[in-house]
Amino acid sequence: MLLEAEGIVKAFGSFRAVDQASLVVAENELIGLIGPNGAGKSTFFNCLAGDTRPTSGTIRFRGQEITRLSPDRHARLGLARTFQVPIVFAGMTVRENVMVGALLRHPHRRRAAAEADELLHFTGLAERAEMPVTALGTSGRKRVEIARALATEPRLLLLDEALAGLTSSEVEAAIELVERIHARGVTLIVVEHIMEVIHRLTERVLVFHQGRVIAEGTPAEVTADPTVIAAYLGRRRRRAR
Amino acid sequence: MILLQLVSDGLQLGAVYALFSSGLTLIWGMMNVMNFAHGQFVMLAMYVAFFCFTLLKVGPAFFVPLAAVGLFGFGVVVYLLLVRHVMRGPMLAQIISTFGLALVLQYSALWAFSANFVSLPTTLVGGVYDLGGVRLSAARLLAGATAIALTAGMHLLLTRTDLGSRMLAVSEDRVAAALVGIRPDPMQALAWGLGAAATGVAGGLIALFFYVSPDVGNSFTLLAFVTVCLGGFGSVPGALLAGLVIGVVESFSAYWLGPATKDVVVYGLFVALLWVRPQGMFGRA
Amino acid sequence: MIPLRRAWPVAVLVILAIAPFLTANPFYQRVAALVVLAAISASAWNVIGGYAGQISFGHSIYFGIGAYASLLLFGRFGLPPIAGAPLGIVASFVVSLIIGPPTFRLRGHYFSMGTFAIAALAEILVVNWKFAGGAIGLMGPAMPRSLADLLFRNSLPYYAIFLAVLALLLALTHLMQRSRMGFYLRAIGAGERAAESLGVPVQRYKLYALLISGAFTALAGSLYAVMIGFVDPESGFGILISVNMVVIAALGGVGTLFGPLAGAIILVPLQETTNALLGGSGTGAAYVAYGLIIMLIARFSPGGLAELWPLINRNGRRRAA
Ligand SMILES: Nc1ncnc2c1ncn2[C@@H]1O[C@H](COP(=O)(O)OP(=O)(O)OP(=O)(O)O)[C@@H](O)[C@H]1O
Ligand SMILES: [Mg+2]
């Protein structure tokens, strides 16, 4: 198994943002993570990526326990991620942003630049390589984050809402990009709100609700699951009030 | 008995620290801007007190409110002319701007008032009460009591009034507050005004028993940092508690280790604190 | 265009190398030496404060260590003051290893406050340190015993020494800027969390940066002591020493190779002239002017002169605000 997360709990004070969540990922899977706002998806990602230490539970990656390792060790081992709100390196160009990722495996600048160029091409950013990264809009920044993460040559990539806030044509392009990343042999876990995207991309989906995994299965199975419907409807009802 | 004496001295002084630190914590909580000139605000208020007394021959009942009003205006002006413009700029600009302000205030004071130490006559608020062996000086008692009352008042203002909730709304989320019709700018100017006014009162009170000199502000800036940090950044009740704790720590270390090392103890405490709990002792994780 | 871009730094250095020899006025020569000295410490600060974005207000500690190491070796052991430079550098490493790891956990304003407090603490400790002259400070040799004392009537020899050190520092910084370390430091400055997620060992690189930065700041302190021949707690460890480095770098543009030098070329002569005009530091007027300048920089040019540079040099890439 590529990744095994078991009984992950993340508590903020007495509030459990993630509560006994477990997940097993095999090599080459493309897994979806869905759930209403505040369900704990991003927090779960942060635990997997070492960005925050789980209160309890264990995470193994390629057989090695990584629960308490720092984020940079995760990257070194081949686990990369993007952020829900992109964090780009202001003051650098698009290429330089990607080079930061590439320098992990290629300490020499020229080599890293060549790797970065390949990924800029792959992600459709080649024309904007020289631009300051802050000149890019949301969709461009999300792509930079993906290119940067890929530059670390990950085995497993966690995408946190890489498609949120994009226009419909951008969404099309992004879906296609995710498929191509998968075709490169990178295992993926994607958090996504748009069900249609989940249907098209993934074979297996986990549904989060109030920190717990309430359902797991194919997209068709989970959308038919009454507990899932109740979780989403419950949210609507609360909102309507 | 000496223990009780030290505790009571510490608490009275600590209450004043709490008051000017709550001014700083208010500003930090509202807009995440750290005022490196905060101690110089205290120094200004102390000079207001001193000159009111020497030139106008008036007592604290007059100069403390005057310092509050004066510093309120000064705080608003600093916000409007300086802070408002650097706030959303790079962090470096935010930090050096208040450092620049600190220099201007401190050395203007040096220029205008000379480096001499001056002080108000200790008899201005005279009298010492003896409470079963613990001596309470009237000046410190007045300062301590006023400071506690005002710090509590500030907390109530923030938590119990409509104005307070508007200010908190702006501090939570400027954009959201603007959407519901709260203009952030006046609220933040007000926060600077109130923060400075609290500092003004504190300065006026400290002047009753502490010497005044142009560079007296430096140690107050650090004291306020320690207090704000210990109290949990942005929390007024935290600052009150922390101020009292620091007052007591200071009075104990001055007694046991000598007055020269009391600053070492307090700053050392700060460094140790930042080390173990960067979010502050009483702050949330 | 490429040759021109490569040529201008060389031109700058050549101009710097000959400039003070064109005047016989000792005031200008002294100012020129002080400019280069300030450029050294601001460029050293720039490694951690500019590239890595960790705005330290504690660098006076390093400056003071260097200055005190020099004059202590002279005062207590009769060694030439410059012998304190290696000692100061070693001591700076020790200090970095002690204060680096805990303070690096602080971010943004908290880091600045923490380093500010540590520097204030250091100043108080030195004031109370009798062996190092307490509040009075230490003196250098009054008369040169040998050439090793580096005691010259004229400022030009100092200027030459300082310039050599500055050139070394800038060359190192230039190499660093192009290497993995340069990328990693800039990434840390721009977004620590993202840098970490890309495999950057953030704490380790911050420490590397601090070690380099502190060592050169200590060296600047030693050179200062050699030239001035006097140091006390305020001129060695005072908070203004730190502020000066930060402001000079900020004026020229943090995180750029030549920014701190540009800042020093503008600010130091301005300071020296206001000092001369307004009657020295005793009256405070010069500091008032200085504080005003700082506020004006923060208010009107928060990115420093480097931000204006692309407007002049169309070839340059604009740094985002
Ligand atoms: N540092 C924190 N401190 C306290 N509570 C937190 C913290 N981080 C997240 N939370 C809370 O944990 C819960 C889960 O948040 P999380 O961001 O993981 O949800 P999410 O499923 O990613 O939601 P969204 O779809 O909106 O991105 C939320 O209620 C959030 O407020
Ligand atoms: Mg999320």
Side-chain angles (χ1 to χ4, degrees), chain B residues 28 32-34 36-37 81-86 88-115 214 218-219 221-222 225-226 228-229 233 258 260-264 266-276 278-280, chain C residues 49-50 53 55 57 99 101-103 105-125 127-128 239-240 242-243 246-247 249-251 254-255 278 281-304 307 321:
Chain B
W28 171 260
N32 276 20
V33 171
M34 196 36 80
F36 281 84
L81 292 186
L82 185 67
V83 178
R84 184 161 62 127
H85 303 282
V86 298
R88 279 185 292 283
M91 193 181 61
L92 180 64
Q94 291 176 20
I95 295 179
I96 65 169
S97 63
T98 56
F99 251 115
L101 181 62
L103 284 181
V104 169
L105 296 180
Q106 176 175 337
Y107 288 97
S108 302
L110 178 68
W111 198 12
F113 311 140
S114 92
N218 287 327
S219 59
T221 300
L222 271 161
F225 283 177
V226 187
V228 166
C229 172
F233 291 85
T261 43
K262 78 168 205 264
D263 286 345
V264 175
V266 173
Y267 301 164
L269 183 74
F270 181 42
V271 173
L273 196 69
L274 284 173
W275 196 345
V276 287
Q279 71 276 28
Chain C
I55 300 169
F57 275 96
I99 67 173
T103 49
R105 291 174 34 210
L106 311 172
R107 292 188 184 177
H109 287 84
Y110 302 99
F111 180 79
S112 299
M113 287 166 62
T115 48
F116 178 62
I118 291 174
L121 190 58
E123 189 183 350
I124 300 177
L125 290 176
V127 168
N128 290 295
I239 185 69
L240 279 177
S242 300
V243 173
V246 182
V247 170
L251 174 62
V254 294
L278 299 175
S281 50
T283 66
Y287 286 118
V288 174
Y290 184 41
L292 283 173
I293 293 171
I294 296 176
M295 287 198 283
L296 289 175
I297 296 171
R299 166 79 173 76
F300 293 104
S301 176
E307 213 175 49

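Just so it is clear, the model here is predicted, and its values are computed rather than measured. Lettering follows sequence order; numbering is per chain, from 1.
In this structure, C:Ala120 and B:Leu222 approach most closely via the heavy-atom pair CB-CD1, 3.2 Å. The shortest non-hydrogen separation linking B:Leu92 to C:Val254 is CD2-CG1, 3.4 Å. Nearest heavy atom pair, residue C:Ser112 against residue B:Ile95, reads OG-CD1, 3.1 Å. The nearest pair of heavy atoms linking C:Ala298 to B:Ser97 is CB-CB, 3.6 Å.
C:Leu125 touches chain B through its side chain: at least one heavy atom from C-beta onward sits under 4.5 Å away, while N, CA, C and O do not. Both the backbone and the side chain of C:Leu121 come within contact range of chain B, with heavy atoms under 4.5 Å apart. Proximity to chain B is limited to the side chain of C:Phe57, based on heavy atoms less than 4.5 angstrom apart. Contact of C:Leu292 with chain B is made through backbone and side chain together, with heavy-atom distances under 4.5 Å. Proximity to chain B is absent for every atom of C:Ile293, based on heavy atoms less than 4.5 angstrom apart.
The line from OG1 of B:Thr221 to CD1 of C:Ile239 is 10.0 Å long, rounded to the nearest 0.5 Å. We find the CZ-CD1 distance between B:Phe99 and C:Ile294 to be 9.0 Å, quoted to the nearest 0.5 Å. Atoms CG and CE, on B:Leu101 and C:Met295 in that order, are 5.0 Å from each other to the nearest 0.5 Å.
Within the 4.5 Å cutoff, side-chain heavy atoms of C:Leu240 are placed close to those of B:Leu103.
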TODO: May I have the step-by-step check of ring-ring contact (aromatic ring centres under 6.0 Å, His included) for B:Phe36 and C:Phe116, ending in yes or no?
DONE: CA-CA 10 Å; B:Phe36 281 84; C:Phe116 178 62; 5.5 Å; yes

